[in-house]
Amino acid sequence: MWSYREMLRETPQTFWLMVGCVPLGVFLEWAGIQLPALVVEQVTTGQTFAHAATLVGILLGATLLAAALRDFLTAALRSAMQMFRYRENTALYRKVMRCLYQKFESKSVRDLYQRAMSALWMNNGIVKLLQVPQESMNVIQNLLCYFLFGTVISFVSPWLVVLLTALPMVNWFCVRAYNRYEYGTREARADLEKKLFYTSRRGSDFATAKDVRVYGMTGWLRAVYRDLTNQLLGWQKRLSGRELLTQLVDLGVILVRDGAAYYVLIRMAVRGELSADQFVLYFAAISSFATFIGNIMTALGKVQEASLKTSDFREYMDLPEGDDAGTERADAHLNHAPEILFDHVSFRYEGAERDTLHDLSFTFHPGERIALVGMNGAGKTTLVKLLCGLYAPTSGQIRIDGVPVSDFVRKEYYRLFSPVFQDVETSFFSLAETVAADFGEHVDRARAETCMRRAGLGKKLDALPQGIDSRLNKQVNADGVELSGGETQKLMMARALYKDAPILVLDEPTAALDPIAENEIYLQYRDMTKGKTSLFISHRLASTRFCDRILFLSDGRIAEEGTHDELIARGGDYAKLFEIQSCWYREDYKGGETA
């Protein structure tokens with residue numbers, strides 16, 4: 001019922017095209033047994049050729065017309081089905097974007113997403129999400145034929161109808177058991193398929209080509225791929241074995257069912273209880289009747305299997321989004337550097353035994369430049385995700401200008417931030433489109449170029465024949481540009497500058513840069529953060545000299561707080577870590593200045 005409601009909501013023409021095919025299909029099945037019986041009747045009863053030709057011609061003409069109309073509706077239905085699939089695909093991707101990032105990041109939700117996606121994949125021309133309405137309509141058509149042809153057969157013997165109906169139920173239970181086994185093992189197979197897809201993708205990724213060659217990883221990748229493939233083949237063998245048993249049971253049922261029915265019919269014909277045309281009619285009706293029962297059983301099995309897949313799709317689509325909980329808009333906070341308050345904020349990942357961040361309380365004053373430093377695993381990136389609204393605190397509250405984050409409309413809240421995250425991805429768009437995160441006439445090309453030059457990409461732009469219109473990704477674009485890691489990081493910084501949000505968040509923005517490029521970014525940092533509240537995360541403690549205040553995070557807590565010189569003078573963990581890192585820089589460090 002959900003499938004039909006969804007279809008009527010998205011593409012109602014699909015539903016009505018399927019409905020229109022049903023009576024045409026029933027008529028064609030009836031005409032298929034009536035036509036030979038009519039011919040035999042006309043011949044055996046001594047009718048004139050003109051009379052016989054007229055009756056046969058009318059029935060034949062009606063059959064051809066119905067077949068042509070059904071073929072037309074079927075062709076239109078294929079197109080409508082693809083539109084329905086496209087709409088559901090779009091709805092799924094929209095759900096992905098609306099789903100809370102914190103929720104989507106968990107393995108259970110990502111696994112559910114993969115299973116939901118599989119309901120929309122096409123395998124041998126079959127899409128499971130479309131198969132529910134298709135096969136259920138097929139059940140309806142075959143049920144109508146079952147009652148029509150069963151009525152005809154009942155004139156021979158009502159017991160034949162009972163026999164032909166009861167025996168296939170054995171096969172139905174076998175098919176049902178197979179479907180339950182296939183569905184019950186889906187998680188194990190989905191996990192293997194995901195690993196296999198990842199291995200295949202990484203093995204063919206242009207970005208990993210150098211590593212694969214230099215480190216001789218070809219054999220290792222092939223061995224991993226082969227092992228995963230063999231495990232999947234093992235599952236396929238088990239599934240195929242169970243399917244074979246189901247088909248063998250079906251074969252036995254057919255032999256018993258049809259053998260008994262034909263024995264009764266031939267016995268009646270030999271005794272003279274049936275005329276020639278009746279024998280032809282009943283013989284064809286019994287053959288078709290058995291087919292309809294088989295079709296009903298098969299279609300019900302497919303409906304059940306597809307329904308289980310559709311359930312995964314529905315379960316994912318029913319996940320809470322949480323986007324519309326708040327009412328506060330961002331407009332009142334965009335034209336100034338806002339204040340950010342963490343009020344006893346703690347956060348624990350799902351399934352974790354302890355907090356990643358514990359009871360954090362501090363304030364980012366308007367226009368202040370804050371550096372967040374600490375060892376790996378201290379919780380810096382988690383704090384950034386909390387600040388940006390990607391995670392929700394386990395306890396405590398984050399407030400922007402005194403307004404709790406939960407009071408904001410989520411899309412509005414995102415407008416407050418221009419982040420550059422540690423892990424960045426680019427696509428196949430032009431440099432201008434990537435910086436603007438937009439297309440066509442919506443892109444301010446002059447502004448995009450200015451932001452790229454401010455981020456340190458001026459020389460790169462001047463060296464490109466197409467300049468800011470150069471497209472990324474050589475695998476998609478023949479003249480595509482491949483940026484280095486440092487250049488990609490600068491491009492993301494240009495994107496943050498283009499957005500021009502009041503809160504700037506830089507999560508390891510210089511991680512992929514060489515020391516000279518890093519120093520250039522530091523020199524530009526003051527200009528980038530002018531009139532903004534900014535948070536700067538770095539493992540390299542020398543970079544913190546540009547910031548007004550430093551928060552040293554350790555084991556999910558603020559262990560030390562102050563300026564660079566204050567923390568050095570204090571001689572705590574920050575000073576010790578800086579001393580360890582000082583070998584990375586020239587030894588003429590004095591008063592917070594490094595080369």
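Since this is a predicted model, take the numbers as computed values, not measurements. Heads up: numbering here begins at 1 and tracks the sequence.
Between V96 and Y316 there is a side-chain heavy-atom pair separated by less than 4.5 Å. Here the side chains of S418 and Y498 are not in contact, with every heavy-atom distance at 4.5 Å or above. Side-chain contact between V212 and L221 is present, with heavy atoms from C-beta onward closer than 4.5 Å. Counting heavy atoms from C-beta on, the side chains of L233 and N230 come closer than 4.5 Å. Residues L506 and S534 fail the side-chain proximity criterion, which asks for heavy atoms closer than 4.5 Å. You'll find the side chain of T327 stays beyond 4.5 Å of the side chain of F408, heavy atoms only. Residues K95 and L319 have side chains in contact (heavy-atom distance under 4.5 Å, counting atoms from C-beta outward). Residues E6 and F84 are in side-chain contact: their nearest non-hydrogen atoms beyond the backbone lie under 4.5 Å apart.
In this structure, the side chain of R85 does not engage the main chain of L129 through any donor-acceptor pair within 3.5 Å. Although no hydrogens or angles enter the test, the distance criterion places no donor-acceptor pair under 3.5 Å between the side chain of S3 and the main chain of V132. Put simply, the side chain of R87 gets close to the backbone of E10: a donor and an acceptor are under 3.5 Å apart. Using a distance-only test at 3.5 Å, with no hydrogens or angles considered, a donor-acceptor pair links the side chain of K499 to the main chain of F417. Judged purely by atom type and a 3.5 angstrom limit, E135 has no side-chain atom pairing as donor or acceptor with the backbone of V303. Between the side chain of T11 and the backbone N or O of T14 there is no donor-acceptor pair closer than 3.5 Å.
Q397 and R399 share a side-chain donor-acceptor pair at under 3.5 Å. Between the side chains of Y349 and S106, no donor N or O sits under 3.5 Å from an acceptor N or O. Donor-acceptor pairing under 3.5 Å is lacking for the side chains of Q134 and N138.
Enclosure of atom NZ in K103 is not indicated, since only 12 or fewer non-hydrogen atoms of other residues, nucleotides or ligands lie within 6.0 angstrom. Atom CH2 of W121 has more than 12 neighbouring heavy atoms from other residues, nucleotides or ligands inside a 6.0 Å radius. Within a 6.0 Å sphere centred on CE of M122, heavy atoms belonging to other residues, nucleotides or ligands number more than 12. In this structure, F104 places its CZ atom where more than 12 heavy-atom neighbours from other residues, nucleotides or ligands lie under 6.0 Å away. No more than 12 heavy atoms of other residues, nucleotides or ligands shown are found within 6.0 angstrom of CZ on F197. Crowding of Q466 atom CD: a count of heavy atoms from other residues, nucleotides or ligands under 6.0 Å exceeding 12. Within 6.0 Å of CZ on R201 lie more than 12 heavy atoms contributed by other residues, nucleotides or ligands. Within a 6.0 Å sphere centred on NZ of K195, heavy atoms belonging to other residues, nucleotides or ligands number 12 at most.
Contact detail for Q102 and A392: the closest heavy-atom pair is OE1-N, 2.7 Å. Considering every non-hydrogen atom in both L390 and Y101, the closest pair reads O-CB, 3.7 Å.
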E105/R110 under salt bridge (charged side-chain N to carboxylate O under 4.0 Å, His left out): CA gap, chis, key distance, verdict: CA-CA 7 Å; E105 199 177 41; R110 283 186 281 118; over 6 Å; no

Residues S470, L431; criterion side-chain contact (heavy atoms from CB on, under 4.5 Å); working and verdict: CA-CA 6 Å; S470 301; L431 293 174; 4.2 Å; yes

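With rounding to the nearest 0.5 angstrom, the CG atom of L248 is 11.0 Å from the CD atom of E243. Atom CG of L457 and atom CD of Q489 lie 11.0 Å apart (nearest 0.5 Å).
Checked options E88, R98, M117; the residue passing with Y93 is M117 (criterion: side-chain contact (heavy atoms from CB on, under 4.5 Å)).
The aromatic rings of W235 and Y181 sit tilted relative to each other, their planes meeting at an angle between 30° and 60°. Taking the six-membered ring for Trp and thresholds of 30 and 60 degrees, Y4 and F15 have ring planes more than 60 degrees apart, a perpendicular arrangement.
Using a 4.0 Å cut-off between charged nitrogen and carboxylate oxygen, R354 and D555 count as a salt-bridge pair.
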